[in-house]
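See structure below.
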Amino acid sequence: MRLAALPVLLSVAALFASCHIEKKKEPPVLNTIQLGQTAVSLTRVADHLEVPWDLEYDRKAHAILFSEIAGVIKRLDLNTHRVSPVARITEVYHQRTTGLLGMALYQPEQGPDFLFLSYTSKTGDSIYSNLLRYTYNNGKLEAPLRLLRIPGSTGHNGSRVMVAKDQKIYWATGDAASDTFAQDSTALNGKILRLNLDGSIPKDNPIPNSYVYAWGFRNMQGLTQSESGTIYTSEHGDAIEDEINLISPLQNYGWPQIEGKHDTEKEIAIAKKSPRTEPVRSWTPVIAPAGLAYYGADAIPEWKNSLLLTTLKSQSLRILHLSANGQQITDEAVLFSNYLGRLRSVLVLPDGTVYFCTSNRDWNPQKGFPKSYDDGIYCLQKTTDTTAPVLRPQKPAAAQNLSGKALYASYCASCHKTDGKGLLNTFPSLAGSRLVNGDKNKLVHILLHGASGNASDGVHYDASMPAFAFLKDEEIRVLTNYIRSNFGNASDTITLETVKNNR
Ligand code: HEC
């Protein structure tokens, strides 16, 4: 009887499988995140991606539309967890941080859907940042329209794009590594630009006949709007002072004259002469903030009225709790430090489900990454199943102590790497470096004043070395001696005297 029953059972199973072939295969829960009363599950819902840069929710298809930096747009079906290609944008110029960056999907009740794209292109020797509008028709991109083209560079091209509640496009542009663009209100770089959906200048922009809405920015990597309409950005500082800004029309956010809060005599004097707006939060040592999304849903009550921020250097998801009026950040919690790698973009669905993606195959991979399955898209969702290993949010790291190892990890390792070996053609190796082990004055000088394009070993480096003059003399002394006595280096010590003489 048993044997005879078997084929029937099998065919029922086969039938079951064929009926449900499109049913979502539930990925395993990797962790349970315990937040007060609420448990949240972490799952990886897509893998083997190439630097996904922006995630947008297609509510009509219940799918995530996402960009990959090399110029590809894909769709992740949230019913089946299948990823399928949508388009390749052949004009995209991808090198290191340039490429297909921010996107915004606009799906009104009436009329066609639009997909706005921000990407870099190259014509001859000139690099540009472009804002394009496509009609998004049932998974197809049609009728491209270039709304704006502005100067670009090998770095600092931003950018994020958003259609806000006022039905206007907000485009957060980078300063294209220029010293003058951000403070020049007639240049379109280092700005928040505001446009109509057809690319024209809104009649109610703060400066008549100008796209410029706010200025004084370096390189914004996150842009979002709260339920009550407040706009927030995240921005990369240079060697110090990463920022979250609250965006208001006509305000000047200070870069490059002011970094972070107005906390040096020079900065206070500049802000006194002509008004500058301070960030609502800044970080030194830097964390490399990236995607930003407002959480206003009820699903995870512990996160209601907060900003979710993905970070690259500190490899974390941060929960920045807002005050009731949204004007201040009142608390900060850190999830996933050094666990999933670099995190690039975050998206909140209307029901409060959170998706975010890694960026472990980008130009600056961190120790232990990429994993074979990188890059991935992850999901955070309220759960009642708490059997997976538990993670809890942490407080941000307290102020650093004075050890050379800790200072190096905070300020240097993101570029020169923990083992001092750097990244070929981008960041020089400090192991066996003539500059590190040679003339003490030269070494202290490069730390205090930075360097670009003039490496002592004759190699041209695409990136530049920021100035670390904000560090105390004692910190510079400890750091230079750390790099002179690690990574196989064994040179004699630098004194405080040498540091002081080079200030
Ligand atoms: C944002 C990336 C970045 C960070 C952070 C950074 N550097 Fe550099 N560093 C560079 C680049 C790029 C160069 C090459 C500059 C050039 O000459 O073109 C460089 C050059 C150097 C050199 C010269 C090496 C040689 O052989 O030419 C030293 C020494 C150095 N850095 C030390 C440090 C120390 C110490 C820190 C931390 C306080 C640090 N750097 C932080 C990017 C960085």
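Order of listing sets the numbers, starting from 1, for every ligand and every atom in it.
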Q. Which ligand 1 atoms, with their elements, are less than 4.0 angstrom from a heavy-atom of L443?
A. 29 (C)
(Q) I'd like to check which ligand 1 atoms, numbered from 1 as shown, lie under 4.0 Å from a non-hydrogen atom of L479. (A) 38 (C)
Q) Near Y411, which atoms of ligand 1 are under 4.0 Å from a heavy atom of that residue? A) 5 (C), 37 (C), 38 (C), 41 (C)
Q. Closest approach of A104 and E56, non-hydrogen atoms and distance?
A. CA-OE1, 3.5 Å
Q: Mark up the atoms of ligand 1 that fall under 4.0 Å of a heavy atom belonging to S452, in ascending order.
A: 18 (O)
Q. If hydrogens are left out, which of S414, A431, G422, S433 has an atom nearest to atom 25 (C) of ligand 1, that is, the closest non-hydrogen atom?
A. S433
Q: Pick whichever of E475, K313, M465 has a heavy atom sitting closest to atom 32 (C) of ligand 1.
A: M465
Q | Atoms of ligand 1 close to L430 [distance to a heavy atom under 4.0 angstrom, numbered from 1] | A | 28 (C), 29 (C), 30 (C)
(Q) Please tell me whether S118 and W171 have a donor and an acceptor in their side chains that are separated by less than 3.5 angstrom. (A) yes
Q | Among A413, C415, A409, closest by any non-hydrogen atom to atom 4 (C) of ligand 1 | A | C415
Q.
Under 6.0 Å from the ring centre and within 45 degrees of the ring axis: does the NZ or CZ of R44 meet both conditions for the six-membered ring of Y373?
A. yes
Q: Could you check F181, W255, Y253 and say which one makes a ring pair (Phe, Tyr, Trp, His ring centres under 6.0 Å) with F217?
A: Y253
Q) Are any side-chain N or O atoms of T123 and backbone N or O atoms of S126, one a donor and one an acceptor, separated by less than 3.5 Å? A) no
Q: Report yes if the side chains of V390 and N31 come closer than 4.5 Å at any heavy-atom pair, otherwise no.
A: no
Q: Kindly confirm whether atom 8 (Fe) of ligand 1 is within less than 2.8 Å of some N/O/S atom in H416?
A: yes
Q: Indicate whether the side chain of W283 and that of E332 have a donor and an acceptor atom separated by less than 3.5 Å.
A: yes
Q. Are more than 12 heavy atoms from other residues, nucleotides or ligands located less than 6.0 Å from atom CZ of R88?
A. no
Q) Near F427, which atoms of ligand 1 are under 4.0 Å from a heavy atom of that residue? A) 2 (C), 12 (C), 42 (C)
Q. Ignoring hydrogens and geometry, is there a side-chain-to-backbone donor-acceptor pair from N189 to P151 under 3.5 Å?
A. yes
Q: Report, in ascending order of atom number, the atoms of ligand 1 lying under 4.0 Å from any heavy atom of S464.
A: 11 (C), 12 (C), 42 (C)
Q.
If the contact criterion is a heavy-atom separation under 4.0 Å, does L471 count as touching ligand 1?
A. no
**Q.** For atom 23 (C) of ligand 1, the option (of L423, I476, I446) bearing the nearest heavy atom
**A.** I446
Q) Which atoms of ligand 1 are found less than 4.0 Å from any heavy atom of L435? A) 25 (C), 26 (O), 27 (O)
